[in-house]
2 protein chains.
Amino acid sequence: MTEKTRRTGRPPNAEAGEALKAAALRLIREQGYDGVSISAIATAAGVARQTLYNRWATKADLVLEAVFEETARYADRPAPDPQAPAADQLRVFLTGVFAHLGRDGDTLRALIAAAQQDASFGEAFRTRFVQPREEMVTEILSRARERGELPEGRSPRLMSEFIHGAFWYRLLNGQPVDDALAQEITDSVFA
Amino acid sequence: MTEKTRRTGRPPNAEAGEALKAAALRLIREQGYDGVSISAIATAAGVARQTLYNRWATKADLVLEAVFEETARYADRPAPDPQAPAADQLRVFLTGVFAHLGRDGDTLRALIAAAQQDASFGEAFRTRFVQPREEMVTEILSRARERGELPEGRSPRLMSEFIHGAFWYRLLNGQPVDDALAQEITDSVFA
DNA sequence: TTGATATATGGACTGCCGTCCACTAATTGC
DNA sequence: GCAATTAGTGGACGGCAGTCCATATATCAA
């Protein structure tokens with residue numbers, strides 16, 4: 001259904017898009033998400049403000065894409081060894097996620113806030129960011145269930161919601177999201 | 001330390017404050033939190049914009065106070081019977097909280113978002129709203145622990161974080177926060 | 001070459017925010 | 001009554017958001 005290649009018209013300038021994403025990440029790390037205006041990003045990238053709007057509807061959409069590519073570049077997710085004990089898999093996974101939050105937690109908090117204020121961005125954020133991570137945990141727990149490592153009466157889906165809820169709650173309330181929490185969560189789920 | 005009564009000067013017009021809170025709640029229910037500007041609230045209340053700023057630093061501070069008084073008016077919290085089984089206490093408490101979210105969940109989501117964007121409001125929101133509710137659950141679970149109703153190896157504090165995290169996560173991701181979730185959570189905590 | 005199509009730019013415009021100011025109004029202390 | 005103090009009003013200001021537009025630019029199709 002979708003046209004992969006446009007047949008005509010001036011092609012988008014790829015450099016402009018890359019410059020915008022790079023400028024957004026740089027400025028936000030320097031001045032915080034809310035301290036950076038769309039105008040400032042466009043100016044820093046050396047393009048017109050309208051060019052940014054041509055690509056993304058909001059600052060949040062731009063930043064989501066930039067963060068997404070950034071994490072992919074650093075190969076953020078070493079897939080957990082499916083043979084290891086499920087508790088270890090979960091702890092390793094959470095440790096990795098929490099380490100990322102230590103670097104970009106403020107940006108993620110800002111994106112969660114943006115998702116509450118803009119329904120269309122919220123949809124994109126959940127689809128591209130939230131659900132995949134929730135499913136990774138659900139999958140670890142489902143394998144654990146099959147191998148009898150997860151105590152009876154615990155639904156992988158509900159446990160995954162609990163786990164994500166716990167660190168969202170900590171993140172959004174300014175509490176530490178660290179290795180100790182990863183250990184506590186893991187102990188609690190498999191106890 | 002704080003002076004309770006001012007000795008001199010024109011006294012604040014109590015009606016203006018009440019009119020602002022009432023107008024804020026009414027407009028937000030009609031048009032959504034982000035659809036209502038500070039100017040619109042002041043206009044609807046029939047006062048100058050500066051009068052609103054004299055009382056509250058941000059729209060979020062005004063709405064937090066209005067919601068707070070509103071829930072107090074409707075006597076939102078029938079204290080759970082401390083003699084009942086802890087599982088029942090928890091389920092009743094969660095059912096009550098979730099019913100409130102059905103009415104004002106959108107406003108609460110907006111306040112959580114505002115707390116991420118304004119550190120000073122975040123502090124007030126957590127102190128006045130989040131912590132008291134977290135402590136209520138912690139207390140129910142602590143009593144359950146003393147009476148041997150809470151399985152060993154489960155910290156009331158961590159369980160309370162899990163519980164609140166679970167419904168925050170649902171609320172912030174547009175998933176249902178209903179009686180079924182209250183039942184699931186209760187079963188899971190006491191299973 | 002010419003026309004159709006799509007992007008890039010700079011500028012304009014409205015609305016709101018947060019702040020500030022001059023002025024008026026209400027209250028207390030002397 | 002009068003001065004000091006605080007609250008309320010209306011208006012101004014600069015900054016940013018989001019939208020729109022005229023114009024220039026780049027590419028494809030005929």
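Here is how names work: the chains are called A, B, and so on, in the same order as the sequence lines, proteins then strands, and each is numbered from 1. The analysis underlying the following values was restricted to heavy atoms, covering all of them including side chains, and did not include hydrogens, waters or symmetry mates. As the structure is a computational prediction, the values presented were derived from the model and not from experiment.
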Candidates D/dA26, C/dA25, C/dT7 - which lies nearest the side chain of A/Pro12: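 Among the listed nucleotides, the one closest to the side chain of A/Pro12 is C/dT7.
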
By nearest atom, which of the nucleotides D/dA24, D/dG8, D/dC28 is closest to the A/Thr8 side chain?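 Of D/dA24, D/dG8, D/dC28, D/dC28 is nearest to the side chain of A/Thr8.
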
Could you work out, with side chain to side chain donor-acceptor pair (under 3.5 Å) as the rule, every residue matching B/Glu146, not counting sequence neighbours?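 Listed in chain order: nothing, the list is empty.
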
To the nearest Å, how far apart are A/Ile41 CD1 and D/dA17 P?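 It is 8 Å, rounded to the nearest whole Å.
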
Whole angstrom value for the distance that separates P of D/dT27 from CG of A/Asn13: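 Result: 10 Å.
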
With no hydrogens and no angle check, do the side chains of A/Gln117 and B/Gln117 hold a donor and an acceptor under 3.5 Å apart?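 On atom types as modelled, these side chains qualify, holding a pair under 3.5 Å.
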
Of all residues at least two apart in sequence or in a different chain, which pass the side-chain contact (heavy atoms from CB on, under 4.5 Å) check with B/Pro151?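 side-chain contact (heavy atoms from CB on, under 4.5 Å) list for B/Pro151, sorted by chain: B/Arg154.
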
If the condition is salt bridge (charged side-chain N to carboxylate O under 4.0 Å, His left out), which residues does [X] pass it with, not counting sequence neighbours?
| X | result |
| --- | --- |
| A/Asp104 | A/Arg29 |
| B/Glu123 | none |
| B/Glu15 | none |
| B/Lys59 | none |

Listed once per pair and sorted, the ring-ring contact (aromatic ring centres under 6.0 Å, His included) pairs that draw on residues 129-150 of chain A, sequence neighbours left out: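 For residues 129-150 of chain A: A/Phe125-A/Phe129.
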
In residues 51-58 of chain A, what residues come within less than 4.0 Å of DNA chain D, judged by heavy atoms?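 Contacting residues: A/Tyr53.
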
How would you list all residue pairs meeting salt bridge (charged side-chain N to carboxylate O under 4.0 Å, His left out) that involve residues 109-118 of chain B, not counting sequence neighbours?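 As it turns out, the salt bridge (charged side-chain N to carboxylate O under 4.0 Å, His left out) pairs with a partner in residues 109-118 of chain B, which skip direct neighbours, are B/Asp106-B/Arg109.
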
Only distances under 3.5 Å count here; give the side-chain donor-acceptor pairs of residues 168-180 of chain B to other protein atoms, sequence neighbours excluded, each with its distance to 0.1 Å.
{"unit_1": "B/Tyr169", "atom_1": "OH", "unit_2": "A/Glu134", "atom_2": "OE1", "d": "2.7"}
{"unit_1": "B/Arg170", "atom_1": "NE", "unit_2": "A/Glu161", "atom_2": "OE1", "d": "2.8"}
{"unit_1": "B/Arg170", "atom_1": "NE", "unit_2": "A/Glu161", "atom_2": "OE2", "d": "3.2"}
{"unit_1": "B/Arg170", "atom_1": "NH1", "unit_2": "B/Pro176", "atom_2": "O", "d": "2.8"}
{"unit_1": "B/Arg170", "atom_1": "NH2", "unit_2": "A/Glu161", "atom_2": "OE1", "d": "3.4"}
{"unit_1": "B/Asn173", "atom_1": "ND2", "unit_2": "B/Tyr169", "atom_2": "O", "d": "3.0"}
{"unit_1": "B/Asp178", "atom_1": "OD1", "unit_2": "B/Ala180", "atom_2": "N", "d": "3.3"}
{"unit_1": "B/Asp178", "atom_1": "OD1", "unit_2": "B/Leu181", "atom_2": "N", "d": "3.1"}

Summarise protein proximity over nucleotides 10-16 of chain D in one line of letters, 5' to 3': B for base, S for sugar-phosphate only, - for none, counting protein heavy atoms closer than 4.0 Å. --B---S

Going by heavy atoms closer than 4.0 Å, what residues in residues 23-36 of chain B are next to DNA chain C?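 Close to the strand, none.
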
